[in-house]
Amino acid sequence: MRQGVIEENAGGMWLWLLQRLTAVVLIVGLAVHIVATHVLNLGELSYDNVAGRLAMPLFVVVDFALLGAGIFHALNGLRMVLLDYGFSGRSKTMLSWGLFVFGVAAFGYGAWALWPWLTA
Amino acid sequence: MSQKDRETANVGAGLWKGAGMWAWLFHRVSGVALALYLFAHIWVISRGAATGAEGFNTMFETLESPLFIVLDLFLLAAVVYHALNGIRVLLFDLGVAIRQQKTLFWAVIAISVVVMAVFAYISLSFIASHGA
Amino acid sequence: MPEATFRIKRHNPEKLDDQNGTGDDRYDDFTVPYESSLTVLEGLFYIQENLDGSLSFRYCCRAAVCGSCAMYINGTYRLACQTNVRHLDDGPITVEPMPHMPVVKDLVCDMTDFFAKYETVMPHIIRNSAPPEKEIIQSPEDRKKLDMPVDCILCGSCYSSCPSVWGEGNYLGPAALLKAYRFEVDSRDEARKERLPRFDNERGSYRCHTITNCVEACPKELNPTEAIQWLKGAAVRRRLLGRAK
Amino acid sequence: MIYHELVIVGGGLAGLRAAIEAKKQGIDVAIVSQVWPGRSHSGAAQGGVNAALANHPDSADDTWEKHAFDTVKGSDYLADQDAVAQMTKDAIPVIYELDHAGCPFSRFDDGRIAQRPFGGAGYPRTCYGADKTGHYMLHTMVEQAIEAGVPMYVEWFVARLVVDEGVCRGVVAYDMVGGTFELFQAEAVVIATGGAGRVYSNSTNAIISTGYGMAMAYHAGVALKDLEFVQFHPTGLLTTNILMSEGARGEGGYLLNGLGERFMQKYAPKAMELAPRDITSRSIQTEINEGRGIDGKGYVYLDLRHLGAPKILEKLPGIRDLAIHFEGVDPIEEPIPIVPSQHYSMGGIDTDMDGRTSMPGLYAAGECACVSVHGANRLGGNSLLETVVFGRRTGAAAAQYIDGLEDLGGSAAAGEEALADVRDRVRNLANREGGEDPYAIRAAMTSTMKEHFGVFREASVMQAGLDKMLDLKVRVKEAELRHAGGVFNLDMIRTFELEGMVDVALGIAAGALARTESRGSHSRTDFPDRDDANWLKHTLAFYQTDGGPRLEAKAVGLGMFEPQERKY
Ligand SMILES: Cc1cc2nc3c(=O)[nH]c(=O)nc-3n(C[C@H](O)[C@H](O)[C@H](O)COP(=O)(O)OP(=O)(O)OC[C@H]3O[C@@H](n4cnc5c(N)ncnc54)[C@H](O)[C@@H]3O)c2cc1C
Ligand code: HEM
Ligand code: SF4
Ligand code: F3S
Ligand code: FES
């Protein structure tokens, strides 16, 4: 195979490893999230209940972790899917950067949305 | 493969006999669905946040309508399957049980079905008690 | 005398330019009589000798060690020489080239990419120190680690079965990665940085989604998935934990 | 036209080793092979490769001289002793070299290369990798050739040599995938095309072991040596003749007749099942002929059951798989039905110790060559050794020859002529209407060789066989090609091969009929004794367009060991 192909695709270990690590975070985090939302009767879904929960330190940590891990896992997951269908060279670079920028923006937006609850 | 090669290549429908293909396909589809949902979720929640308490509660009302509860169930199915199969994949990553992949796949399906049945029961009784 | 019907997928590259441009693709039925036992390869020879001299297929050892005759028989990867028609279901025996591979002619696939990728992973031992006067000592336990990967006959079944290969022309595929593994686990191999980048990249081990079609397909019952996962782990151990190997 | 300084025909162990050596010497060398080199017949070798490493506890005082003695004795004194000495001496570094190249030999507990006993050897000196030694060695060698950067023309069938005024200057080959004939110009050519087992219908050899490479040299006027010596392996599977390695007996397997006796007691009381192949095959054949086969039929049992499952699974996993897949018998539970089967061609292209033939620029190595290190009977484990030892020497000698040439390039005219000749041949084959069916000829030839030139030979039977072969030679000239298409044309390749096979088979037949003695694998019921006074000499066969070959004699290289009676 062309040497170029190898160089162009160097690394990958970090993304692979992070996909696994975020999966573990997600599975733990989602468990807490779902149990808290639907099983433990913290009450019906309502502004007050949610607000109260969101302000608890445990949930702050869980929610931020879920947000970050979820965004990474989802976007890197999408990238994995797309890479299987012929993204290479320039299109691959653009895809990676596009997703990165989108991810940062989504995290910022999500964090901005979570922020008021902390201070509320 | 060139376009011409692709046309002449043999398709090999028999490959779908293996559980691995389905496990992967479902994982992929559920993963992409979840990814799209996640961003919808972030957007909805934060919009709710932006509109304050009142808007938030109207949003919850919509979300508690039967339509959304059924959609929720699909979402949950995706999460449950993706998570369980994710664990299956993580086991392979550790070199564990690769030869048992078929058994594990059916275990994933079985557990997903059980979990879904429980949730479906809860949700349907929720719909029933709240009326449509 | 019992008979077997062979339903063979045909393709003729010299007819690619005809009106329909498909290379005269079709299935041909042949009836092959036999005495007590008949392998698919023997059946193909019977057809080539007696019924249709234009039939093309690969062969060599006829003893399941050379990897020439991997084909798609009744929807399963098999070595034609190792497959006895008595062990197949009744009804016609469908013989097709390996799926998702370019076809040269009839049952012969184009293996160019397959071998090019195999060569990419530096499929040879790498030593940095001077060799000893006699053999390099290797314990039976260390030798045991080679048992699985050295049995690969490079037949291409796994490669043809892997969806990651179908989608992405540059993915090394299970066979090449299994080869990389074969040398990486060899206690005599001293590669540190040389081979690592060849498989530890986004067209290498990380393109594998543990679909395990390769494990199901391998006629030698090898486990490329295990090898690939080991390689991913090896990269982590080396890059992150600084292990020499 | 394609140019390389050195063209190696054949990518088996011998061809690969020669190519690597020439490359090391800075020669522009390329391999041209009918199959991807890693698919060559060498990969089918199971049992192992001999070298006096003295790793086995029972072989601490083994030396290359003892290895040489066993080889010469095994050859029934027909081997050239200087060549044997060279091979057994080189064996040791060659095995270490293979180990350093990564060949996955099995190991003893102390981490050294494991060795097992083999037929006809005084010491356990056969190095092995489970029962897949050839596969391991072949892949190691392919890997070395790839690393060395040897270009390989894969799936190119070489159809003939280019000879310019008595000097070999290249080959004409059929590009199977491209569908055309091309001319390779070269300064020298090495033929490494393997054995000719497929001239027999009951062969353990790969389907491509047709001896066509031998025939190419033969047709170009180079002599074939000692063709009459054909090895019959004692243990081929009953229905397919697929080999059950000698390693199975090396690990302790028994041979049982219909009465349940270990009949080797009668024939080789000391060596028992580990007598040399010729003796063991004759013993089995005698049991069968005298009605003591299993149920009185034409086979006996190879019994491994007493070895136990763990040993079979560890040491003979490949044998077990083959028996299960091809005979439907699991050796852990049942004895394996076996028959003696054609296995190896001791004879071949007449070469010296450096692979040189009588034609300048033409070299040969491996099973297609006859150096001769196997004489009248090859010991198991010596032919893998031969391929690497003489492959290396041949590559070096060819490189040296090329270095010594004054003006490179050769004449294009001879090449174009050869190319045109091959194209004519194809056209003639294709245009013939109502000609002979090549596959009927092939079937008649292989069964004639099996019936008339088998384990036991006798004048009247052989004469009848020779007559049939002469008739087939006439018929093959009338063979008709039914398919003249370009790409991957098996019909054409197999018909080409057939023309060569008939001539090689005729060489075997003529040599066997002429040699009025019994020696090694050549066992005549009408001349049961070895006759050193008249026959301690090689047979050289020269091709003649019509009829059988012209035979000549060549002296045997003696010196180290005096001929003595062979007893085991
Ligand atoms: C079943 C079996 C088991 C054996 N086990 C042992 C053993 O345990 N120990 C041992 O020492 N020996 C063993 N032998 C013998 C040994 O394997 C062979 O003698 C040896 O491998 C021959 O190697 P080679 O390189 O000469 O030829 P091969 O490996 O036969 O290679 C021939 C090459 O020539 C090419 N070729 C042929 N014709 C053409 C053409 N016309 N054009 C282009 N290319 C061509 C082929 O593609 C191939 O690459 C065994 C043999 C058999 C049959
Ligand atoms: C709940 C716990 C989860 C676990 C254990 C998990 C696990 C995994 C694993 C191991 C992979 C890699 C699969 C591969 O390499 O082929 C993966 C892929 C993926 N995941 Fe998750 N995941 C989880 C949740 C999520 C969530 C919440 C999303 C979406 C927001 C998501 C989206 C994806 C996507 C898009 C892929 C790529 C799919 C593919 O390559 O085919 N996952 N997941
Ligand atoms: S791993 Fe198995 S399927 Fe793949 S090439 Fe090797 S032998 Fe064939
Ligand atoms: S089928 Fe392909 S994706 Fe991986 S597990 Fe096998 S290489
Ligand atoms: S012909 Fe060699 S594997 Fe089938």
Side-chain angles (χ1 to χ4, degrees), chain B residues 1-35 78-112, chain C residues 9 11-13 16-17 20-25 71-77 94-105 107 109-110 112-113 157 160-169 208-217 221 223-233 236:
Chain B
M1 275 202 263
S2 72
Q3 191 53 36
K4 195 156 253 172
D5 289 340
R6 252 181 245 281
E7 277 164 19
T8 56
N10 189 16
V11 179
L15 286 165
W16 292 92
K17 283 188 295 203
M21 282 289 265
W22 294 105
W24 164 69
L25 188 72
F26 292 163
H27 195 80
R28 184 152 274 200
V29 170
S30 60
V32 172
L34 287 174
V79 174
V80 170
Y81 174 81
H82 189 92
L84 288 173
N85 192 58
I87 295 172
R88 174 175 167 273
V89 168
L90 290 173
L91 283 179
F92 297 167
D93 286 334
L94 299 171
V96 176
I98 293 172
R99 287 257 174 221
Q100 283 73 48
Q101 62 96 359
K102 228 176 240 172
T103 323
L104 281 186
F105 172 70
W106 288 115
V108 164
I109 295 291
I111 300 176
S112 305
Chain C
K9 179 134 193 251
H11 169 76
N12 185 351
L16 265 182
D17 302 328
N20 53 7
T22 57
D24 201 13
D25 284 9
M71 302 172 186
Y72 204 56
I73 299 172
N74 281 358
T76 310
Y77 289 90
T94 312
V95 187
E96 299 168 306
M98 290 191 283
H100 299 280
M101 304 277 272
V103 178
V104 173
K105 180 163 184 292
L107 302 172
C109 301
D110 182 349
T112 318
D113 281 1
S157 297
S160 144
S161 80
C162 173
S164 302
V165 174
W166 312 338
E168 215 325 292
C208 166
H209 306 293
T210 57
I211 300 171
T212 64
N213 271 9
C214 52
V215 182
E216 309 283 325
E221 298 178 9
N223 195 334
T225 309
E226 188 180 282
I228 300 169
Q229 296 314 102
W230 186 93
L231 288 175
K232 292 173 184 168
V236 174

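Convention: sequence-line order gives letters A, B, ...; per-chain numbering from 1. The shown structure was predicted, so the numbers you read here are calculated from the model rather than taken from an experiment.
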Side chain, backbone, both or neither of C:E216 within contact of chain B (heavy atoms, under 4.5 Å): side chain

Interatomic spacing from OG1 in C:T210 to NE2 in B:H27 - rounded to 0.5 Å: 8.0 Å

Contact leader toward chain B among C:T225, C:I211, C:V215, C:N223, where contacts are heavy-atom pairs under 4.5 Å: C:I211

Option in C:G233, C:S161, C:S160, C:P163 with maximal non-hydrogen atom pairs under 4.5 Å from chain B: C:P163

Worked verdict on B:R28 versus C:H209 for side chain to side chain contact (heavy atoms under 4.5 Å, CB included): CA-CA 10 Å; B:R28 184 152 274 200; C:H209 306 293; 3.4 Å; yes

When B:L15, B:L94, B:L25 are compared by non-hydrogen pairs under 4.5 Å with chain C, the top option: B:L15

For chain C, which residues of residues 99-108 of chain B have heavy atoms nearer than 4.5 angstrom: B:R99, B:Q101, B:K102

Atom of B:F92, atom of C:Q229 and distance for their closest heavy-atom approach: O-CG, 3.4 Å

Results of side chain to side chain donor-acceptor pair (under 3.5 Å) for C:Y72 - residues two or more places apart only: none

